[in-house]
Amino acid sequence: TGQSPHITNLGLTMSQFPVSPRYSKMLCLSHQYGCLPYMVTIVSALSVPEMFINSWNANEQETHQVEQITSIRRAWTGQGECYLLGDLMVLLRAIGAYEYTNEGMTFCEHNGLRYKAMCEIRKLRQQLTNIINTLCHDINLCLNPQLPPPTQQQSRLLRQLVLTGFGDHVAKKINTDNMNAQDKKKLRYAYQTPLCDSPVFIHSSSVLCSLCPKYVVFQEIIETNKLYMREIIAVDEEWFPLLLPQMCSFSSPLDTPSP
């Protein structure tokens with residue numbers, strides 16, 4: 001006879017949030033080092049589709065506006081660990097600036113944001129904040145309109161936390177060193193992921209498109225002329241055994257070099 005199903009304390013807490021299990025897990029693990037307000041914002045932004053306006057008419061005025069908005073988004077990423085948080089850092093900075101300026105629709109028009117999506121994100125942030133305060137009375141979480149960007153340490157921890165929630169959404173850059181010239185050109189910027197048989201790519205709108213990290217985590221894959229990953233962060237290879245041991249396979253120790 002099989003054992004009766006048992007819900008862990010983590011699973012019980014996760015069930016209290018009105019978001020997908022992967023997002024609930026990320027929230028439950030984010031209570032240290034001041035990461036929780038940022039994870040509430042990230043989860044809210046990823047749960048609301050199409051926060052950014054990415055389709056434009058090809059007239060001169062809008063082309064100039066696209067160039068300005070693209071420049072702003074790349075400036076929002078910062079440097080170091082903040083930059084490696086990638087597109088999620090852009091989400092954080094965009095929402096933070098929107099709340100700080102309190103200009104509503106005007107800010108959205110100037111920065112390529114959908115006002116309706118921003119309103120939905122704020123509602124979900126408030127709902128998640130209320131749930132967290134109900135579950136943990138000593139946290140006293142609030143929606144801070146002057147929330148500063150995450151520090152380098154917090155950005156690194158946020159990357160690790162996202163990896164724990166999206167462990168099945170990892171992609172590795174394809175090694176083209178031993179390919180012929182035609183395949184090398186075709187797959188120069190390609191990635192492989194267990195979710196797809198075909199190669200996937202980083203879209204040019206991503207702030208990490210020029211970096212092409214060895215490993216990335218993505219929210220979803222969309223198909224246009226190619227398969228493109230959306231909402232990307234860079235992750236470090238050495239994190240996998242610690243954070244995703246169930247997805248790693250380990251060979252026997254090598255005879256050489258000796259320990």
Using a cut-off of 6.0 Å, state whether more than 12 heavy atoms not belonging to [X] lie near its atom [atom1].
X      : atom1 : answer
Gln182 : CD    : no
Arg74  : CZ    : yes
Phe52  : CZ    : yes
Asn178 : CG    : no
Lys184 : NZ    : yes
Leu12  : CG    : yes

Got a second to check how far [X]'s [atom1] is from [Y]'s [atom2], nearest 0.5 Å?
X      : Y      : atom1 : atom2 : answer
Asn9   : Cys28  : CG    : SG    : 10.5 Å
Cys142 : Ile132 : SG    : CD1   : 11.5 Å
His31  : Asp138 : NE2   : CG    : 10.0 Å
Ile53  : Tyr115 : CD1   : OH    : 13.5 Å
Tyr98  : Cys119 : OH    : SG    : 4.5 Å
Leu244 : Gln246 : CG    : CD    : 5.5 Å

Give a yes or no answer on whether the side chain of [X] reaches the backbone of [Y] with a donor-acceptor pair at less than 3.5 Å.
X      : Y      : result
His169 : Gln219 : yes
Tyr191 : Met229 : no
Asp87  : Ile232 : yes
Asn111 : Leu113 : no
Thr41  : Leu92  : no
Gln192 : Asp197 : no
Lys116 : Met51  : no
Arg159 : Gly86  : no
Thr193 : Cys196 : no
Asn130 : Gln126 : yes

Closest approach of [X] and [Y], non-hydrogen atoms and distance?
X      : Y      : result
Ile121 : Ala45  : CD1-CA, 3.9 Å
Pro148 : Tyr38  : O-OH, 2.7 Å
Met89  : Ser155 : CE-OG, 3.6 Å
Tyr83  : Gly78  : CB-O, 3.6 Å
Glu50  : Ala117 : O-CB, 3.8 Å
Gly34  : Gln154 : O-NE2, 3.6 Å

Looking at side-chain heavy atoms only, is the closest gap between [X] and [Y] below 4.5 Å?
X      : Y      : result
Asn144 : Pro37  : no
His203 : Cys209 : no
Pro150 : Leu158 : yes
Pro18  : Leu128 : yes
Leu163 : Trp239 : yes
Tyr228 : Ile202 : no
Val235 : Val216 : no
Phe240 : Val170 : yes

Tell me, with the steps shown, if Leu88 and Val162 meet side-chain contact (heavy atoms from CB on, under 4.5 Å).
CA-CA 10 Å; Leu88 300 194; Val162 172; 3.8 Å; yes
Step-by-step side-chain contact (heavy atoms from CB on, under 4.5 Å) determination, Gln153 to Glu81:
CA-CA 7 Å; Gln153 182 191 32; Glu81 294 290 338; over 6 Å; no
Look at [X] together with [Y] and state whether they make a salt bridge at an N to O cut-off of under 4.0 Å.
X      : Y      : answer
Lys172 : Glu237 : no
Glu120 : Arg114 : no
Glu223 : Arg230 : no

Is [X] linked to [Y] within one hydrophobic cluster, defined over Ile, Leu, Val, Met, Phe, Trp and Tyr using a side-chain heavy-atom separation of less than 4.5 Å?
X      : Y      : answer
Ile139 : Leu143 : no
Met118 : Val43  : yes
Tyr33  : Leu243 : no
Met14  : Leu36  : no
Leu157 : Leu147 : no

Could you walk me through whether Leu27 and Ile131 pass the side-chain contact (heavy atoms from CB on, under 4.5 Å) test, one step at a time?
CA-CA 11 Å; Leu27 287 168; Ile131 293 172; over 6 Å; no
Should Lys173 and Cys212 be marked as a side-chain contact (heavy atoms from CB on, under 4.5 Å) after you check the CA-CA gap, both sets of side-chain angles, and the distance that decides it?
CA-CA 8 Å; Lys173 195 170 186 307; Cys212 285; 3.8 Å; yes
side-chain contact (heavy atoms from CB on, under 4.5 Å) partner of Arg156, chosen from Leu161, Asp236, Thr151, Leu84:
Asp236
Between Phe166 and the options Phe218, Tyr215, Tyr23, the ring pair (Phe, Tyr, Trp, His ring centres under 6.0 Å) test singles out Tyr23
